Structures are given as C-alpha cells and as structure tokens.
S.K.: 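Got a structure here, written out as structure tokens. Questions coming.
Treat the numbers as computed from the prediction; the structure is a model and nothing was measured.
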Amino acid sequence: MVFVEFAHNRASPKWPAAVAALACVGSTRPASIAVLDVLPPAGVREPQLVAGLAEYLGEQLSDDPEDASTLIRPRCLLPSQTIVERILPQMARLAVQLPAMFPEPIPLLLAGRNGSLTFSQKQVACLLANAFFGTIPHQSKQFDRKRKFPNMNMAMLFQSWMGSSVTYAKLDGLFLYFNEILSRSEDNCKKITVTRRCLAESEFPQWSTSTLQLTSTVPRMAGKIEDEGRECLQCDFANQFIGGGVLEQGAVQEEILFIVYPEMLVSLLLCEQMMDNEVVFITGAERFSRYSGYSSTFKILGAAVDDTKCDAKGRRLTEFVALDATYFSRNVAHLQFSERSILRELNKAYAAFLPSHQSPFPQVVPVATGNWGCGAFNGNPELKALIQIMAASAARRDLVYFTFGDKVLSDKLIHLDKALTSGTCRIGQLFQIVNNYSKSSGSGMTVIDYVLGELQTPPTSVVILGGGITGVCTAYYLRSKGISRIVIVDSEGSVAPCASGKAGGFLARNWPHSSLSKASFDLHAQLADEHDGAKRWLYRPVDVFSVSMSDGKKPTKHSNVDWTAGRANRIGSTSDCAQVQPKMFCEALFELSGASLVHATVVDLLTQNDASGQCSVSGVVVQGEGDVATSQIRASHVVLALGPWCDKIVREKWGIPIRRVDAQLGHSIVIKPVNTEPIPPHCLFTELNKMEGPEVYPRSDGTVYLCGSGNIKSRKTSLPDSPSLVEPSPQVGDYLVDVSLKISPEKFQNAEVLTRQACFLPTSNLGPLIGRVKGYNGLFIGTANSVWGIMNGPATGLALAELIAEGKAQCVDLSEFDPME
C-alpha cells in the first residue's frame, strides 16, 4: 500500500523549519511575508510569490518608506484585520498539529483500485491549512512523476500574476471556511468520506442489447445542482485531475464547487488522475459560502449556513460524484458522436451513477446533473443528456437535469421523457438510435430531434413474404430487436420449401460479395455458438479442396484427402470456411424467432397515403390454401423475401420498379454411404476432364450432398407459379450418381440415394437486392443472393431487421445492394 507523503515523515530539516516559520505567523508584519517564510523552499524571500495575497489583504510589500506609508484598499470579504490577527495564526497552529492528527500514514487512492477514506472535519481542516502554507509535498514526486496527482498547494493563489477578482473570490471562500471551522470544537465536527470506484470491463452493461426500461428525466431550467439538487447524488463535472484549476484561475462548475464546499479539496491530496473506468465520490462535505456568477464573474457573497442532516456515521446527507468528460477540440467535435466516444462517456457516467456503498442516503436517490463536459470541453448538450439518461437508467436511477436557462433543451427533454417512458423503448434501442445519428448524413436534425423522429413510428408488426433463408433470418433478428408480432406467409406452408431447403450449405468468408459474406460468415459462427448449431443444424468448420480428375489416368492423392481420387489442392481452411444443413438451419431459426407461419399465397399489398401524400404499406392481401375468398393481414412493415418469384410478383404483377431478378435452375442429390468410415470435414470442388464437375459436401450426419449438372443441357424450364411444380431432371440426377463413383469409388460405391431435387435460385446481374423499396414506406426486399443464399442469409436478415427496427443497417453497407432500377 502506498501512503500520503508528509514532510514530517522524512528525516529532513524541512518540517522543523516549517514549524518554526509557522510559529511566527501572526507576530510578523506584513502577514503575507510571514506566509512567504513558510512556503518552501523556506528562507527564500521573493515577495512576488505573495504579492497577490498582499494586495488581497491590503498590505504593502515595498521597502521604500514612501510606499510603505501608502494605504491599499483590501480586496477581502472578511475584515483584513480579522484574517491577519486571528484566522491566519489559528490556521498556523492547526497546521503544526499534523503529526498528532495523523499518527498513522494515510493510504493514497491510486488508479485501478477501489478504496474509501473517512476523516473528521478537523482533520480535513488540518490538511487544508498545510496546503495553504505549502507544507504538503506534491504526491507525484514520490513516484518520480510516473503516477500523476493534482497539486494540493494553494501558493499559486498568492502570486502577483494571479491577482484577479476570481482569485480573490477563491480566497474569500477559503477564509470564510477557516473562520467557521476553526471556531468549532472537535465534538461539533462531522465526518467526510472520499471513495474511489474502479469498474472492470465485465461490470459495464452491454449497451446495444440492454432490455432495461428508461427511467424518468425531470428537466430544470432554473436553479443550480448544488442548490435544488441537494437531496440527490450531485454531479461534479470534473477534470481527470480532480479539482481542475481550483487552485489556479479556473472558475467553472467543478472549481466553484470546491470553493463553496472547501472540504472537497482534500481529494486533490488523495486521488491519482482518473482513468476512463473510474470516478470519485465525496460524501458529507459541508457548504460554507454563497456565491454568484460563473467563470470571470464568479464572486463570493457571504457565509452559508448548511443545515443538512447527518447519517448514522456522522456525515452530512450530501454526496458528490466527480466524473470527467472527454475533451474534443472544436475542429474534431464531431467525433463525440462516434460509437467509441459514446461508449466511453456511457461507461464513465454509469460508474458515477451506480449507487455507492458509501452513500449517506438510506435509499437510492435521483442524480442531479446537467450539461456535463459541454463548456470548454465542447461536448454537445443534447448528446450528453441522452448519454446520461441511458447511464442513469442502467443504474436504475431517475435523473434531474439542470439546463441552466436553456428553455429549448428543457422543452425537448420533456418530450423525450414522455416518448421514452410511455412507450416500449429500451436502453438498447435508444443506444442504437443515438449511434445511428452520426450516420444519418444530411439530416440536418439535432440528435434529440432525430431520436424523437425515430421513436414516433416504431415498427409494431411485420409480415414477411417467403419462408426461406432470408425470411427466417429476418424474423429471427426482428425478434432480437424487440418486435414480437412477426408473420411469415409462404405458399407452401412450410419453412424453406424451395431453394433454401435444397441448398448445399457451404459457407466461405472471403469468396462471394466481400462485405456481405464477411459479416454473414461471422454471424453464422455466432449463431452456432449461441444455439448449439453443431447439433441443431450440423454446423462445422471445413477444409476445402479443388480436385481434378481425368478418365483413364491413375489419380494422385493429396495427403489430406485420401478418401477421394484425383489431384487435390487446398483452396480454403477451417479458419474461413464452414457448412450447415440448410433446411435444419432455417427450421431452427424459425423456431427461435417465435414467428407465426401462414399457409397462403400473397395476392396484393395493402397501401394507404399518409398526411403528406406518401404511400405506406399497411399489410397484405392473401388467399389461403383451398380458400375462395381473400383475407388481410395488417402490418406496419412488409418484407419481400420471395426469392426468384420477386420478379414475377413484385415487378410484373404489382408494377414496382425493382431491379430484374432472374431464376437459375439447379440440381442436387443427397446420398448416404454405407459400410464405410465417416468422411472427414472436407468440401470438394471437382473438375472432370477439364470440365466443371459437381460440388461435394459431406455432412456430419453421414450424408453427402452433390450438386451440378456437368455439360448436360436440360430442357428449358420457366419459373412455375409454385415451387412444388419444380421437377428435377432424371438425366442430371443420374449424372451426379455416376460421377460420384469417380470422385470416390471407395466411399460412394453402393451409396443410397436419399433425394433427387431441383430448385430455382434468385439471381441478378448486379448482385443481391437488399433494402427499402422506394416509394413505399414500410416496404423492404431481400433477394438474389444466388448460390450464396445460405451463406448471406444471416447478414441479409440482420440488415433488414436493423432497417426496420432502427432505421439504418449497421452490419453491412447496403449502398451496393440498392434494389431499385
């Protein structure tokens, strides 16, 4: 443990010299020279070091007899004679009691450690008296400046260049404090606690996913935190070096607090520089003066009488928390809207608002705060308000927000509180909206206006047309965003009845569209980890090889692919390739989504024009299996996940000008090898006689999926009205069975053919269509992922869910997937 270093702790002549000099305070004139004699280094008489104090007291420092006879008007609030003849000598006598008052060393409250220290008011006064006379060494020195502390030395206030109305106001506050505290007996003194809190990374909330409700925010346009917020946890808008410029020229919120509550100054001695995950609580401080003004207009009006009651430990029911904001220079102030900056401030505020075990209050009280870090630190008041609302809500406290005369901000906070507490908004949703603000380029709105706009039209229900991979992934992620009414309409009445249920399930992080594939591959891994995908949908990482074969030639085997004929070259590994069983994957996500499945064919969109004349969807018209009449499903949002049927229904039938979606026919078989050892987790892309061969995907359930058609030209088939009408080509099926024997005679001889199947894949020459359908508010589309439908499904679904629930896709940039012509 590291302790406060006092001069009397060391075997040096400094403390005896200081004691001797202190004994002369009150008997030597002028008094400022007596103070100078105490200031280290003792014996060095440079009158300019106390010229400001001399002017404050109305003393003449000149040796010229003519100057000495000139009267100077004192600048002090209390009578100069009272300060010189009574207060300063009493302060000196109190200062020399330091060894007696602190027979045991005082631990320092170092960065990275939690700790609390409690003192009597008399002990604090002794420490502050020594700070006044400069007899406490700078604590950074004992660490060779490797640990940084504020300097609790008041000598800066005495210097000539510091002579200003603000400096004199600070001296007024200090002398009013000493005048009162020195008149009290030890029995009439209370206690003060200083607590340092350091939270570990694991102790902070997961802001983006928090489902906690927002607590109440009450704006106060008039008044001050330290006046009207006395029964709350009061915020000190601190510097990372607690106290800031209180003992220099600073006179903003923190410095003013430390002058009207001088006992808070003791934290300068104890507290190392605060880190991003740390705050400091000061409990039980007493108010000794009244003031007016701010910054250059700050002045002390007179003594204050603090009648605050005390807790069982003898501490006043007053609690401050020092929390330092991030500084942004004006040219980079926009960076405060970045997610990294928002998270830093959220975590700092949460550490401050989380109830302290040293709180003097018997119950959790509201937080009294305001425009934290919005002055010289250039913080945005609306952003800081939103951050503190989220942090207070996570700490389960209400907020009393002082806007310091800003009526516009007060009015906005009233509307914001109503929107946040009367609806279904949660911390995670608000975080996402605030985080999206910086990405809403050209909106021209302030951040609270943007939030209010996003909260006005929350998605209440969503209809998804199509039960394939895009539909179920969208449903799953919509549920994670808090949307509970989700209906999937599918003409086959089942999940993944078309291409999604007949796909191979091969996943490659870096092969298809880079942004979409990278995001989706990572989401696949996350989903498998969260929901036991290895068991539920046969997820597993795989090695991938290209295998070339020629009829009549002896095969050359790759050392790692000894189960197949041909020359094998690695083209992918378990670090960036994997596989799933697509049908099982879709069924699992549908179950996890909690969505309803309606067996019906979509007939039309329900639309209506809003007050501005814009067309908005309000649901769909469907016709159930075997029904003659149609019915309506009302919804605030509709997602078009119709695969290759998007073109036939949306573009041709409804006349909505989306990009063209083509249909590509694909064939596959699923076989079951018998009487053979399990095949390793390999996926093969084959070539036979220098022509493209089938893709081969062994699965962990012992089956093997093969797809392709070689050079067989099947009859031209147009997209039917129903997926059930798609029929596989017998010739292509036979080809796949035959070529499987060439790929691995050992494994596939006598294999059972479980399935011969065909499906149409949605394709587009410009890539996938993902995003809003322009001209129709509330209408979205996701299709044309082609052969990468299973691969890109999660990112496509998440992007659509983010668009619907939060107004902006975060997981991937959708600009290259614009669905419109």
Side-chain angles (χ1 to χ4, degrees), residues 214-239 244 250-257 260 290-298 319-328 330 333 336-337 341-342 345-346 348-350 352-353 365-395 397-422 425 430 433-434 437 445-453 455:
L214 281 303
T215 53
S216 173
T217 299
V218 178
R220 294 277 182 87
M221 190 176 73
K224 303 170 184 174
I225 292 173
E226 62 273 19
D227 292 334
E228 282 74 22
R230 288 175 61 187
E231 296 180 357
C232 302
L233 170 65
Q234 301 176 56
C235 286
D236 162 22
F237 304 150
N239 190 287
V252 289
Q253 195 251 12
E254 179 174 42
E255 289 89 351
I256 292 173
L257 276 181
V260 300
R290 297 174 289 109
Y291 78 96
S292 67
Y294 190 80
S295 189
S296 61
T297 63
F298 170 61
E319 185 178 29
F320 290 93
V321 61
L323 65 163
D324 58 299
T326 303
Y327 170 75
F328 295 95
R330 290 184 179 180
Q336 65 189 288
F337 291 95
S341 297
I342 291 170
E345 304 297 77
L346 271 172
K348 175 68 74 166
Y350 176 75
F353 299 166
V365 296
V367 176
T369 188
N371 298 335
W372 168 48
C374 295
F377 278 30
N378 298 310
N380 180 284
E382 292 191 10
L383 176 63
K384 281 299 182 7
L386 287 161
I387 285 171
Q388 292 182 92
I389 287 169
M390 287 186 278
S393 299
R397 288 188 192 258
D398 291 334
L399 210 63
V400 180
Y401 198 98
F402 291 82
T403 66
F404 308 111
D406 189 336
K407 185 178 186 303
V408 173
L409 181 57
S410 291
D411 290 344
K412 284 187 177 183
L413 289 176
I414 291 172
H415 293 304
L416 181 66
D417 179 67
K418 183 177 180 180
L420 294 177
T421 57
S422 63
C425 186
L430 180 58
I433 294 173
V434 173
Y437 172 73
M445 292 186 290
T446 67
V447 63
I448 287 183
D449 288 340
Y450 176 81
V451 169
L452 288 171
L455 292 174

S.K.: Among residues at least two apart in sequence or on other chains, which ones pass salt bridge (charged side-chain N to carboxylate O under 4.0 Å, His left out) with Glu254?
M.R.: none
S.K.: Only distances under 3.5 Å count here; give the side-chain donor-acceptor pairs of residues 366-376 to other protein atoms, sequence neighbours excluded, each with its distance to 0.1 Å.
M.R.:
| unit_1 | atom_1 | unit_2 | atom_2 | d |
| --- | --- | --- | --- | --- |
| Thr369 | OG1 | Gln388 | OE1 | 2.5 |
| Asn371 | OD1 | Tyr401 | OH | 2.9 |
| Trp372 | NE1 | Leu323 | O | 3.0 |

S.K.: Measuring only between side-chain heavy atoms, which start at C-beta, is Val218 closer than 4.5 Å to Asp417?
M.R.: no
S.K.: Out of curiosity, Leu420 CG to Thr215 OG1, how far, rounded to the nearest 0.5 Å?
M.R.: 9.5 Å
S.K.: Is any side-chain heavy atom of Ser216 less than 4.5 Å from a side-chain heavy atom of Leu399?
M.R.: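 Ser216 vs Leu399: side chains apart.
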S.K.: Just to verify, what does Asp411 make a salt bridge (charged side-chain N to carboxylate O under 4.0 Å, His left out) with, not counting sequence neighbours?
M.R.: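 In terms of salt bridge (charged side-chain N to carboxylate O under 4.0 Å, His left out), with neighbours along the sequence ignored, Asp411 is linked to Lys407.
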S.K.: Applying side-chain contact (heavy atoms from CB on, under 4.5 Å), name anything that partners Tyr327, two or more places apart in sequence or on another chain.
M.R.: Ser329, Phe377, Asn378
S.K.: Taking only residues at least two apart or on different chains, which pairs with a member in residues 384-395 satisfy salt bridge (Lys or Arg N to Asp or Glu O under 4.0 Å)?
M.R.: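 Only Glu345-Lys384 qualify under salt bridge (Lys or Arg N to Asp or Glu O under 4.0 Å).
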S.K.: Which value, rounded to the nearest 0.5 Å, describes the distance between Ile256 atom CD1 and Ser295 atom OG?
M.R.: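 Between Ile256 CD1 and Ser295 OG, I get 8.0 Å after rounding to 0.5 Å.
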S.K.: Any donor and acceptor pair, going by atom type alone, linking the side chain of Glu228 with main-chain N or O of Gly223 inside 3.5 Å?
M.R.: no
S.K.: Is Ile387 close to Val434 at the side-chain level, that is, under 4.5 Å between some pair of heavy atoms?
M.R.: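 Val434 vs Ile387: side chains apart.
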S.K.: Rounded to the nearest 0.5 Å, how far apart are OG of Ser393 and OH of Tyr350?
M.R.: 11.5 Å
S.K.: Quick one: are Phe328 and Ser341 in side-chain contact, heavy atoms under 4.5 Å?
M.R.: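 Heavy-atom side-chain distance check passes, below 4.5 Å.
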S.K.: Working to the nearest 0.5 angstrom, can you tell me the gap between Leu383 CG and Ile448 CD1?
M.R.: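 It comes to 9.0 Å.
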S.K.: What residues, two or more places apart in sequence or in another chain, satisfy salt bridge (charged side-chain N to carboxylate O under 4.0 Å, His left out) together with Glu319?
M.R.: none
S.K.: Might you point out which heavy atoms bring Leu214 and Thr421 nearest each other, and give the distance in Å?
M.R.: O-CG2, 3.7 Å
S.K.: Taking only residues two or more places apart in sequence, or in another chain, which ones meet Thr217 in a side-chain hydrogen bond (donor to acceptor under 3.5 Å, both in side chains)?
M.R.: none
S.K.: Report the residues that fulfil side-chain hydrogen bond (donor to acceptor under 3.5 Å, both in side chains) with Glu255, sequence neighbours left out, ordered by chain and then residue number.
M.R.: none
S.K.: Answer whether the closest heavy-atom distance between the side chains of Arg220 and Thr403 falls below 4.5 Å.
M.R.: no
S.K.: Once salt bridge (Lys or Arg N to Asp or Glu O under 4.0 Å) is applied, what residue pairs with a partner in residues 366-383 remain, sequence neighbours excluded?
M.R.: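 The answer is Glu382-Lys412.
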S.K.: List the residues meeting salt bridge (charged side-chain N to carboxylate O under 4.0 Å, His left out) with Lys224, not counting sequence neighbours, and say none if there are none.
M.R.: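 Lys224 satisfies salt bridge (charged side-chain N to carboxylate O under 4.0 Å, His left out) with no residue once adjacent residues are dropped.
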S.K.: Calculate, to the nearest 0.5 Å, the distance between atoms CG and CG belonging to Asn380 and Leu386 respectively.
M.R.: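 So the gap between those two atoms works out to 9.0 Å.
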S.K.: Identify, with sequence neighbours excluded, every residue that meets side-chain hydrogen bond (donor to acceptor under 3.5 Å, both in side chains) alongside Asp406.
M.R.: none
S.K.: Would you check if Leu257 and Ile225 make a side-chain contact, meaning some heavy-atom pair closer than 4.5 Å?
M.R.: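 Side chain of Leu257 against side chain of Ile225, heavy atoms only: no contact under 4.5 Å found.
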S.K.: Mark yes or no for whether Arg397, through its side chain, and Val365, through its backbone, hold a donor-acceptor pair below 3.5 Å.
M.R.: yes
S.K.: Side-chain polar contacts of residues 229-236 - donor-acceptor pairs under 3.5 angstrom, sequence neighbours left out - could you list them?
M.R.:
| unit_1 | atom_1 | unit_2 | atom_2 | d |
| --- | --- | --- | --- | --- |
| Arg230 | NH2 | Asp307 | OD1 | 3.3 |
| Arg230 | NH2 | Thr308 | OG1 | 2.7 |

S.K.: List the steps and the verdict of side-chain contact (heavy atoms from CB on, under 4.5 Å) for Phe402 and Met221.
M.R.: CA-CA 6 Å; Phe402 291 82; Met221 190 176 73; over 6 Å; no
